[in-house]
Amino acid sequence: MKKRCFWVNNDPLYIKYHDNEWGVPVYDDDKLFEFLILETFQAGLSWITILKKRENFRKAFDNFDYKKIAKYSDGKYEELLQDAGIIRNKLKIKATITNAQAFMKIQEEFGTFSKYIWGFTNGKQIINKFEKREEVPATTELSDAISKDLKKRGFKFVGSTVIYAHMQATGMVNDHTTDCFRYHEV
């Protein structure tokens, strides 16, 4: 049996996410934005809750198309508040629209959001060597710095914990524990 990170339970969705996505470096702006939305909605909730609603989010938010989301009307906002398939948090929905607009401003400035975000690590994955659950941080000085910069640029719901989770999900850091079979694969 394969040894996985401590946080993976027996849910097939969780296993598939861990084995195929989590910690794999993402350089595609569309995918980076998708994870940003999902991490925003995850704040204060469990990741499995978000994973189970991921396809509902995809449908509700036009396949995570930030160009469309940036132009959402008040009517679309009200429609999202009624969508039982997603997390109906007024502030998080508003933040998603605001963040789509800010995301595009970063693209204008840097060419791509990927260049901007990966610039914080000089384009390289940070490889940690955590052996135990207790060693894996919720935030780092780097996630603090990225969070601060994103907030300065108008982003909402991008606290350091959300940003560190985003860094883990998109492979900016390899936080698979050293005994996990994926540690050497990503």
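In what follows, every heavy atom counts, from backbone to side chain, and hydrogens, waters and symmetry copies are set aside. If you read the sequence from its start, that first residue is 1, and numbering goes on from there.
D83 and K59 are not joined by a salt bridge, as no carboxylate oxygen comes within less than 4.0 angstrom of a charged side-chain nitrogen. Remark: R153 engages D149 in a salt bridge, criterion side-chain N to carboxylate O under 4.0 Å. Between E34 and R58, at least one side-chain N (NZ, or NE/NH1/NH2) sits under 4.0 Å from a carboxylate O, which counts as a salt bridge. Using a 4.0 Å cut-off between charged nitrogen and carboxylate oxygen, R54 and E21 count as a salt-bridge pair. Salt-bridge formation is not detected for the pair E108/K105: no Lys NZ or Arg NE/NH1/NH2 atom is positioned less than 4.0 Å from an Asp or Glu carboxylate oxygen.
Clustering ILVMFWY residues whenever any of their side-chain heavy atoms sit less than 4.5 angstrom apart, transitively, puts I117 in a cluster other than the one holding V186. The hydrophobic cluster containing V162 does not contain Y66, counting ILVMFWY residues as joined when their side-chain heavy atoms lie under 4.5 angstrom apart, directly or transitively. Under the 4.5 Å side-chain heavy-atom criterion for Ile, Leu, Val, Met, Phe, Trp and Tyr, L38 and M172 are members of the same hydrophobic cluster. Note: the hydrophobic cluster containing Y14 does not contain V24 (ILVMFWY, side chain heavy atoms under 4.5 Å, direct or indirect links).
Here the closest heavy-atom approach between residue C5 and residue H18 is recorded as SG-NE2, 3.4 Å. Minimum interatomic distance between R182 and D19 (heavy atoms only, all atoms of both residues): NE-O, 2.9 Å. For L45 against K92, the heavy-atom pair with the smallest separation is CD1-NZ, 4.5 Å.
Using a 4.5 Å heavy-atom cutoff, the side chains of D30 and F64 are not in contact. The shortest distance between side-chain heavy atoms of Q168 and V136 falls below 4.5 Å. Side-chain contact between I127 and Y183: present, with at least one pair of heavy atoms (C-beta onward) separated by less than 4.5 Å. The closest side-chain heavy-atom distance from H166 to L32 is below 4.5 Å. Counting only heavy atoms from C-beta outward, the side chains of E39 and W47 approach each other to under 4.5 Å. Counting heavy atoms from C-beta on, the side chains of D29 and F103 come closer than 4.5 Å.
Separation of the W22 and W7 ring centroids falls under the 6.0 Å cut-off.
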Exercise for review: Check the pair T140 / Y164 against side chain to side chain contact (heavy atoms under 4.5 Å, CB included), numbers first and verdict last.
Suggested key: CA-CA 7 Å; T140 62; Y164 195 70; 3.4 Å; yes
Practice item. Evaluate the criterion side chain to side chain contact (heavy atoms under 4.5 Å, CB included) for residue pair I50 and I87; output intermediate values, then yes/no. Key: CA-CA 8 Å; I50 301 304; I87 308 298; 4.1 Å; yes
Exercise for review: Determine, step by step, whether F61 and F41 satisfy the ring-ring contact (aromatic ring centres under 6.0 Å, His included) criterion, reporting the C-alpha distance in whole Å, the side-chain angles of both residues, the deciding distance to 0.1 Å, and the verdict.
Suggested key: CA-CA 12 Å; F61 286 98; F41 277 94; 5.8 Å; yes
Practice item. Before giving the answer on ring-ring contact (aromatic ring centres under 6.0 Å, His included), spell out for H184 and H176 the whole-Å C-alpha distance, their side-chain angles and the decisive distance to 0.1 Å. Key: CA-CA 9 Å; H184 292 287; H176 286 280; over 10 Å; no
Point to revise | CA sep, side-chain torsions, deciding dist, call: E135, T178, side chain to side chain contact (heavy atoms under 4.5 Å, CB included) | key: CA-CA 11 Å; E135 296 174 325; T178 54; over 6 Å; no
Exercise for review: For I37 and F33, run side chain to side chain contact (heavy atoms under 4.5 Å, CB included): C-alpha distance rounded to whole Å, both residues' side-chain angles, the deciding distance at 0.1 Å, then the answer.
Suggested key: CA-CA 6 Å; I37 288 179; F33 186 74; 3.1 Å; yes
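A donor-acceptor pair under 3.5 Å is formed between the side chain of Q125 and the backbone N or O of G23.
Stacking of K132 on the aromatic ring of F6 is not recorded, the 6.0 Å distance cut-off and the 45° axial limit not both being met.
Around the NZ atom of K31, the shell of radius 6.0 Å holds more than 12 heavy atoms that belong to other residues, nucleotides or ligands. No more than 12 heavy atoms of other residues, nucleotides or ligands lie within 6.0 Å of CG in D74, so this atom counts as exposed by the packing criterion.
With a 4.5 Å cut-off between side-chain heavy atoms of Ile, Leu, Val, Met, Phe, Trp and Tyr, the cluster of L91 takes in F157.
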